[in-house]
Amino acid sequence: MSPPPSAAPAGVSVGAWLHDCALARADALALLRELAGVSHAGLLANPERLLEPDALHRLGEAAARLRAGEPLAYVLGWREFWGLRLRVGPQVLVPRPETELLVEFALEKLAAHAAADVLDLGTGSGAVAIAVAHERMHARVQAVDRSAAALQLASDNARRLLSPRRAGGALRWHLGDWLQALARADEDFDLILSNPPYVGEHDVHLQALRFEPRLALVGARAAADGLGEIRELVAQAAPRLRDGAWLALEHGHDQGAAVRALLQAGGLVEVHSRRDLAGIERISAGRRAGGPRAA
Ligand SMILES: C[S@@+](CC[C@H](N)C(=O)[O-])C[C@H]1O[C@@H](n2cnc3c(N)ncnc32)[C@H](O)[C@@H]1O
């Protein structure tokens, strides 16, 4: 195989670039589409089409980043979540499709036309908060993160993706440590959601995830079982649920039983987990007793 096209030799066809780029086919097709304006159909119809030199240069740089292990979302600068194109960068976790389970849970609990106070803890790119605000016009959504850079990106995403009224008014952003970030210590909620850091501090997968922020993966309360941040989050969040309100958390594939135990220890009822499409326990939830059942 000829060397990957890191420089920009003249006269490289789309088909030759695809053949020689040493990338997964899906990644290579995404780069061709985004950086050279070549669709899959265009490629099939005319693989001999020559790439423009500047497109070839962009493709070479992007391909080198991918081969070094950087996520495609950082290379492209965006990732789709709940049908919304979120800007992402190394200051935030790349939103994962399985986190859409948390949004599905929220939409089930939030009636379409009712006002409700919703909190997204550890918002990162804003994925969960923005998706919920997008789907539930009357929800008052607040979001917290310990990273100022993440919050900046999240609020930029909201401004681009939501109507001015939603992005500016009904969504609020707070910098700090879980619920301590909120101005009022007595503020309570109808629904609290979180995809918190849950990777164990010695987890072997951290090497493959090295481009994403450690604060997002492991958190500042690093623990071998990955539950350091979740323990603190449940302790802070459970007392801030209104009667009948739900707390729902994403967690690791083997953490379901431990998270259910934490939710029960926090005094919540109807504690249960939900599985993702692969059959893995992916989120766990519990509600404060009393009030109307929201489900
Ligand atoms: C796993 S990422 C989730 C990001 C986003 N919600 C998503 O699903 O793509 C966890 C987020 O929690 C934030 N975080 C970590 N520790 C925190 C803390 N103690 N208080 C608030 N946010 C925290 C991180 O900065 C990161 O953005």
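It should be emphasised that the depicted structure is a prediction, and the values quoted were computed from it without experimental measurement. Both counts, for ligands and for their atoms, begin at 1 and track the order of listing.
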Can you tell me which residue and heavy atom of the protein come closest to atom 6 (N) of ligand 1, and the distance to 0.1 Å? G122 O, 2.8 Å
To which of V144, L193, L217, T123 does the heavy atom nearest atom 5 (C) of ligand 1 belong? T123
What part of P196, side chain, backbone, both or neither, has a heavy atom within less than 4.0 angstrom of ligand 1? backbone
Side chains of E281 and H253: is there a donor and an acceptor less than 3.5 Å apart? no
Backbone or side-chain N or O of W178 under 3.5 Å from ligand 1 N or O: yes
SB check D177 R221 (cutoff 4.0 Å): yes
Does ligand 1 come near enough to S147 that some N or O of the ligand is less than 3.5 Å from an N or O of the residue? no
Indicate whether the side chain of E229 and that of W178 have a donor and an acceptor atom separated by less than 3.5 Å. yes
Taking only non-hydrogen atoms of P197, do any sit less than 4.0 angstrom from ligand 1? yes
Near R221 (heavy-atom distance under 4.0 Å), the atoms of ligand 1 are 19 (N)
As a check for students: among A181, G176, A216, identify the option with a heavy atom nearest to atom 21 (C) of ligand 1. G176
Using a 3.5 Å cut-off on N or O atoms only, is R146 in polar contact with ligand 1? yes
Do H57 and W17 make the cut of ring centroids closer than 6.0 angstrom? no
For ligand 1, does T99 get within less than 4.0 Å through its side chain, its backbone, both, or neither, judged by non-hydrogen atoms? side chain
Could you check whether any side-chain N or O of E104 sits under 3.5 Å from a backbone N or O of L101, counting only pairs where one atom can act as donor and the other as acceptor? no
Which residue from D145, L121, V199, V88 reaches closest to atom 25 (O) of ligand 1 through any of its heavy atoms? D145
Could you tell me whether a side-chain N or O of D145 sits under 3.5 Å from a main-chain N or O of L151, the two making a donor and an acceptor? no
For D54 and R58, run salt bridge (Lys or Arg N to Asp or Glu O under 4.0 Å): C-alpha distance rounded to whole Å, both residues' side-chain angles, the deciding distance at 0.1 Å, then the answer. CA-CA 6 Å; D54 54 345; R58 286 194 297 275; 3.8 Å; yes
Pairing donors with acceptors under 3.5 angstrom, does anything connect the side chains of Q152 and Q91? no
Heteroatom proximity flag, V128 to ligand 1, N/O under 3.5 Å: no
So if I count the atoms of ligand 1 from 1 in the order they appear, which ones are less than 4.0 Å from some heavy atom of E229? 19 (N)
With no hydrogens and no angle check, just 3.5 Å: does a side-chain donor-acceptor pair link E48 and S13? no
Protein contact of atom 9 (O) of ligand 1 - nearest heavy atom, named by residue and atom, plus distance: P95 CA, 3.7 Å
Is it the case that R85 places NZ or CZ above or below the six-membered ring of W78, under 6.0 angstrom from the centre and within 45 degrees of the axis? yes
If you measure every N or O of S125 against every N or O of ligand 1, does any of those distances drop under 3.5 Å? no
With a cut-off of 4.0 Å, which atoms of ligand 1 are near a heavy atom of D177? 18 (C), 19 (N), 20 (N)
Shortest reach to atom 2 (S) of ligand 1 by a heavy atom, considering only N195, L151, D120: N195
Top protein contact for atom 15 (C) of ligand 1, by heavy-atom distance: L215 O, 3.3 Å
Scan side-chain atoms only and decide if Q255 and Y198 contain a donor-acceptor pair under the 3.5 Å cut-off. no
